[in-house]
Amino acid sequence: MEKTTIKELYIRKENYLNKKIKVNGWVRTVRASKNFGFIELNDGTYFANLQVVYDENLANFKEVSKLVTGSAIRVTGELVESPGAKQPFELKAESLEIEGHSAPDYPLQKKRHTFEFLRTIAHLRPRTNTFSAVFRVRSTAAYAIHKFFQERGFVYVHTPIITGSDAEGAGEMFRVTTLGFDKMPRDDRGNVDFTRDFFGKETNLTVSGQLEAEAYALAFGNVYTFGPTFRAENSNTPRHAAEFWMIEPEMAFADLQDDMDLAEDMLKYIISYVLKNAPLEMQFFNSFIDKGLLERLENVVNADFGHITYTEAIEILKNSGEQFEYPVEWGHDLQTEHERYITEKHFKKPVFVTDYPKEIKAFYMRMNDDGKTVAAMDLLAPGVGEIIGGSQREERLEHLGKRMDEQGLNKEEYWWYLDLRKYGGTRHAGFGLGFERLIMYLTGMTNIRDVICFPRTPKNAEF
RNA sequence: UCCUCGAUAGCUCAACGGUAGAGCAUCCGGCUGUUAACCGGAGGGUUGCUGGUUCGAAUCCAGCUCGGGGAGCCA
């Protein structure tokens, strides 16, 4: 007999009622009496458990009554209407095989756990309702991203994980080496001799696939990356991880406005897709994690995102009458409190802030005609702050070289990046979306460690 | 890295200078329809670590470790 999922039973119970079925799953709890008992069974496909009723007719009745939470079992029997009020049906067990016993010290109990504790058992937490929902939504959102870009003809590019550029400018990097730490080869001046290393040069884990994506955009037109990214920053916040996933589209023959249009379309598409394809999970989050979640997401889908320049943002903040901890002044980067005011209080919806002073932005962003600002955009969203950062790239070789000089970058190391401007350079633009931050936004989860299966953060690489 | 709060049984918490407790979980027993089942019993602790103050420290003080929240860096 073919096995059935518990989700299938709930969705199409009329197909199974009063018929013999077979299910697999893990025991959530056992309520045993002298001559019969109940098992709450969960197979990871649905929030609701399947109530299994068993009695002395089971060959292994005594053993079943002693099952410990967490045990893996297979049950065959008839699905019948339940006399109990709390479930529409139940499985009357005819045979129950114990696939894997659980030890008595199984750490998950049927009562509520803190997320902090569950992080210490990251290998078991996917068996809880919350994490079951989080990682199903994560999977759905990942699919939605591919679907969005593929439907628009974007080419999926796998940029390297190991990079030879040691200054992509996006943050501290993890070094990749096969050199032994106890006897590092040294050159004449006592520096580590990387010519003896595996790649013959210093290499690191990537902090961004953007530069490589630009090369492919200037061949395919529209491309996107979607892969792991690594930052060695000592960031101890609920929004940062050392290993995370990032989506980086890049479009040739596109300017900043095209870039923002794409970002807005993409966000709305993903949200709509997840709302439609993971409705149970989204209702769960709305009920137990974040009461205003569905309303907020539906607003985002229906709202036209706000657009202001950095200079306008400074004016709004100065005229707000708010007392900010950090002073508002043209030329300083917007602080978290400033971003929150703009998106949560002033606009009450996602807002693109554009045209930042060149001093506070990366070298590759395109210089505006005013000579003071660059064609950058940050998308600020209520609740999570900066969710997307992007720009139109500097395609003019002279301007790019000047900016690299200003920021003290070694142009020789970027020879191939500069070549892209030399051989048929075009207007082009792109952005980066932190996948985990998107998942946080979609689920209402407030800690990035709870939307990554096995999160890597400073002092934490267990599992 | 800075600021701030915290760490007591497997989990969630109480005890706040005077004998370390409860609920759940676990183990044993009872119970013929349970619903975070119920009833009875049992085991379970170097109170994060190190030092100090005190007749006496889970409790007060210092340092350290780890964790939460906020900030910076950013996605």
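To find a chain, count down the sequence lines: A is the first, B the second, and so on, and within it residues start at 1. Because the structure is predicted, anything quoted here is derived from the model rather than measured.
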Closest approach to the side chain of [X], judged atom by atom: which nucleotide of [options] is it?
{"X": "Asn460(A)", "options": "G29(B), C73(B), G67(B)", "result": "G67(B)"}
{"X": "Thr237(A)", "options": "C24(B), G33(B), C73(B)", "result": "C73(B)"}
{"X": "Phe117(A)", "options": "C11(B), G70(B), C74(B)", "result": "C11(B)"}
{"X": "Arg449(A)", "options": "U32(B), G68(B), G72(B)", "result": "G68(B)"}
{"X": "Ser33(A)", "options": "C74(B), C31(B), U12(B)", "result": "C31(B)"}
{"X": "Gln51(A)", "options": "G33(B), A36(B), U1(B)", "result": "G33(B)"}

Donor-acceptor pair under 3.5 Å, [X] side chain vs [N] base:
{"X": "Glu337(A)", "N": "G70(B)", "result": "no"}
{"X": "Ser235(A)", "N": "C74(B)", "result": "no"}
{"X": "Gln87(A)", "N": "U34(B)", "result": "yes"}

Interatomic distance at [atom1], [N] relative to [M], whole Å:
{"N": "G45(B)", "M": "C2(B)", "atom1": "C1'", "value": "36 Å"}
{"N": "G52(B)", "M": "A57(B)", "atom1": "P", "value": "12 Å"}
{"N": "G63(B)", "M": "C24(B)", "atom1": "P", "value": "41 Å"}

For Ile448(A) and Pro458(A), take the nucleotide of RNA chain B holding the closest heavy atom to each; which residue's nucleotide lies nearer the 5' end?
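Upstream on the strand: Pro458(A).
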Regarding Arg31(A) and Glu40(A), does a basic nitrogen lie under 4.0 Å from an acidic carboxylate oxygen?
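Counted as a salt bridge, because a side-chain N and a carboxylate O are separated by less than 4.0 Å.
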Mind checking if Leu438(A) touches a base, just sugar-phosphate, or nothing, with heavy atoms under 4.0 Å?
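Nothing: the residue Leu438(A), judged by heavy atoms under 4.0 Å, touches no strand.
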Proximity to RNA chain B (any heavy atom under 4.0 Å), residues of residues 71-85 of chain A only:
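By residue number: Ser82(A), Pro83(A), Gly84(A), Ala85(A).
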Should C38(B) form a Watson-Crick or G-U wobble pair with both distances under 3.5 Å, which nucleotide is its partner?
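Across any shown strand, C38(B) pairs with G30(B).
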Stacked cation flag Lys318(A) on Trp330(A), 6.0 angstrom / 45 deg:
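No, cation not above the ring by the 6.0 Å, 45° rule.
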For Tyr156(A) together with His158(A), are the ring centres under 6.0 Å from each other?
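Distance test on ring centres: under 6.0 Å, yes.
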